[in-house]
Protein chains: 2
Amino acid sequence: MAISYPVPVAAAGSKSGAASPDAGQRILDAAYELFSRRGIRDVGISELIERSGVAKATFYRHYRSKDELALAFLARRDQLWTVDHILAGARSRGSTPTQQLLAIFDVFGDWFSRDDFEACSFINVLLEMGPGHPLGQASIDYLARIREHVQALAEEAGLARPGEFARSWHILMKGSIISAAEGDTHAAARAREMAAWLIEHHQR
Amino acid sequence: MAISYPVPVAAAGSKSGAASPDAGQRILDAAYELFSRRGIRDVGISELIERSGVAKATFYRHYRSKDELALAFLARRDQLWTVDHILAGARSRGSTPTQQLLAIFDVFGDWFSRDDFEACSFINVLLEMGPGHPLGQASIDYLARIREHVQALAEEAGLARPGEFARSWHILMKGSIISAAEGDTHAAARAREMAAWLIEHHQR
DNA sequence: TCCGGTACAGACCGGTCGGTCTCGTTATAG
DNA sequence: CTATAACGAGACCGACCGGTCTGTACCGGA
């Protein structure tokens, strides 16, 4: 999150105020906030341009369609959430690959307890649009990337059958996210417990 | 819940052919097919009434609004899917409570491999409408009912801490459903394996 | 000074949404 | 036979959708 604005070149005099990056970036920032919390369909173009302080024509100069913006949002979500938040957080919390794997659920625990918990955008969009829609397919691809990260950690940890391991692990991640969306505040701890058993069974 | 159907008065002769229940029933049948496969928002009233061969006014004589019909759909889904299909199937496949618990994932395995697999409507609707919407809340309630069924089986099996057990078990159920929605054809077997470990750890 | 590019504002388009209302028909109960 | 009510068909409503287009203002570079 956070979405840092590196100070917009000062911009000197102007009506829009000083802290305003270029239009394309503001649109993507607004899309991230709105799409991640409310899904794609629920957010209209008008709300999007109002939030980003942009004219409609400007919007369509930067993105050919709403779906193209949604695609850009998913890519950004992969970077900010999957890579920068979850994975980086997990790697920094554990000193060994095995500890880093388990730390994923510690990061989840903090994430689940946020008052603005928004669940996983890839799952949300997949279920919202269906696997046949381009956005659904993109979501499936990004979910597969998450599994690849888990698999890489499993290989570092020397676990047996890392591919199978990652798929089982992912079941725990996704299941706990849905439970958190239902309101279960201890979902992460429950998943972590089962995750430890999964590691045991994959130790050579 | 439950929504009893008091037998549609037979209706005897009619132009619409013999196998045509009363309008209210036809609407709910169409809603079940459409809502379960495509979610709530994606299905419009016009498609609903066209599919059920009903006039718009007739629709609104039976249901005050689209949301009220969606609510009735969720109740029906709980009966037909949760109770009649999953639970009854699991109970018939196992002779002991423990076997019946594990058999849930055998039923899931068959379900996942259906070409028209539609995932879990309660999860779909919860993520589609959000927990603040009445339909999202209803979905949360029906998901809790699923956990109650699991908890009852855990108690029959004499497992320790059946409430906690059911919450962990439910994580496996939901996670495997999402994995199946992504296309993992072995998601049920993976979840079943972890479910067996969960049972071991809850055996007194 | 002029010019091309980018920006904002917002009217406008066809289409769809959920929901209301008016019809003419049909079946049944009294 | 008549009164009543449920029905199918579909016009109609205001609201909103994604997307296009026009008009005006401001910018830096030549």
Side-chain angles (χ1 to χ4, degrees), chain A residues 5 8-31 34-35 38-73 125 128-129 133-135, chain B residues 5-31 34-35 38-73 125 128-129 133-135:
Chain A
Y5 301 102
V9 190
S14 179
K15 61 343 195 15
S16 304
S20 175
D22 77 336
Q25 187 60 42
R26 263 161 31 222
I27 295 170
L28 191 51
D29 290 347
L34 296 174
F35 284 161
R38 311 224 314 266
I40 308 295
R41 297 178 120 110
D42 195 45
V43 178
I45 295 291
S46 354
E47 185 176 3
L48 228 17
I49 66 172
E50 188 183 353
R51 178 73 88 102
S52 42
V54 143
K56 227 173 183 184
T58 305
F59 175 91
Y60 282 100
R61 200 175 301 117
H62 287 269
Y63 299 95
R64 247 190 285 259
S65 66
K66 183 189 178 184
D67 277 9
E68 189 175 299
L69 173 65
L71 234 30
F73 154 69
V125 174
E128 184 179 4
M129 316 300 285
H133 192 283
L135 289 172
Chain B
Y5 300 101
V7 182
V9 190
S14 178
K15 47 33 191 332
S16 305
S20 176
D22 75 342
Q25 186 61 41
R26 261 158 35 220
I27 294 170
L28 191 51
D29 290 346
L34 296 174
F35 285 160
R38 311 224 315 266
I40 308 295
R41 296 179 119 109
D42 194 46
V43 179
I45 295 291
S46 353
E47 186 176 2
L48 227 17
I49 66 173
E50 187 183 352
R51 178 74 88 102
S52 43
V54 145
K56 228 173 183 185
T58 305
F59 175 91
Y60 282 99
R61 200 176 301 118
H62 286 268
Y63 300 94
R64 248 189 284 256
S65 66
K66 184 188 178 184
D67 276 9
E68 188 175 300
L69 172 65
L71 234 31
F73 154 69
V125 174
E128 184 179 5
M129 315 299 285
H133 192 282
L135 289 172

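The sequence lines fix the lettering, A, B, ..., with proteins before strands; numbering per chain opens at 1.
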> Please report, rounded to the nearest Å, how far the P atom of C/dG18 is from the CG atom of B/Leu48.
9 Å
> Who passes side chain to side chain contact (heavy atoms under 4.5 Å, CB included) against B/Ser46, sequence neighbours left out?
none
> Looking at D/dC7, C/dA7, C/dA9, which one has an atom nearest to any side-chain atom of B/Thr58?
D/dC7
> For the pair made of OH in A/Tyr63 and P in C/dA7, what is the distance, rounded to whole Å?
12 Å
> Under the rule for ring pair (Phe, Tyr, Trp, His ring centres under 6.0 Å), what residues qualify as partners of A/Phe35, not counting sequence neighbours?
A/Phe73
> Nearest whole angstrom, please: distance from the C1' of D/dG8 to the NE2 of B/His62.
12 Å
> Distance check needed: D/dC21 C1' versus A/Phe59 CZ, whole Å only.
16 Å
> Establish, with yes or no, whether the OP1 or OP2 oxygen of D/dA6 is under 4.0 angstrom from a side-chain nitrogen or oxygen of B/Arg61.
no
> Nearest heavy-atom pair of A/Glu128 and A/Ile40: which atoms, and what distance?
OE1-N, 3.2 Å
> Whole-Å distance between C/dG18 P and B/Asp67 CG?
10 Å
> Polar atom pairs between nucleotides 13-18 of chain D and protein, under 3.5 Å, N or O only, would you list them?
| residue | atom | partner | partner atom | Å |
| --- | --- | --- | --- | --- |
| D/dG18 | OP1 | A/Lys66 | NZ | 2.7 |
| D/dG18 | OP2 | A/Ile45 | N | 2.8 |

> For B/Asp67, which residues count as a salt bridge (Lys or Arg N to Asp or Glu O under 4.0 Å) partner, sequence neighbours excluded?
none
> Quick one, A/Tyr63 and A/Leu28 - any side-chain contact, counting heavy atoms below 4.5 Å?
yes
> Could you pull out every donor-acceptor pair under 3.5 Å between side chains of residues 49-59 of chain A and any protein atom, sequence neighbours left out?
| residue | atom | partner | partner atom | Å |
| --- | --- | --- | --- | --- |
| A/Arg51 | NH1 | A/Glu33 | OE1 | 2.8 |
| A/Ser52 | OG | A/Leu48 | O | 2.6 |

> Return the value, rounded to whole Å, for the distance between atom CD of A/Glu50 and atom P of C/dC8.
14 Å
> Can you tell me which nucleotide in D/dG8, C/dG10, C/dT6 comes closest to the side chain of A/Ala57?
C/dG10
> In terms of the nearest nucleotide of DNA chain C, which residue is placed more toward the 5' end: B/Arg64 or A/Ile49?
A/Ile49
> Roughly how many Å is it from CD in B/Glu68 to C1' in C/dG18, rounded to a whole number?
14 Å
> Find the distance A/Arg26:CZ to C/dT6:P and express it as a whole number of Å.
15 Å
> For A/Arg61, which residues count as a side-chain hydrogen bond (donor to acceptor under 3.5 Å, both in side chains) partner, sequence neighbours excluded?
none
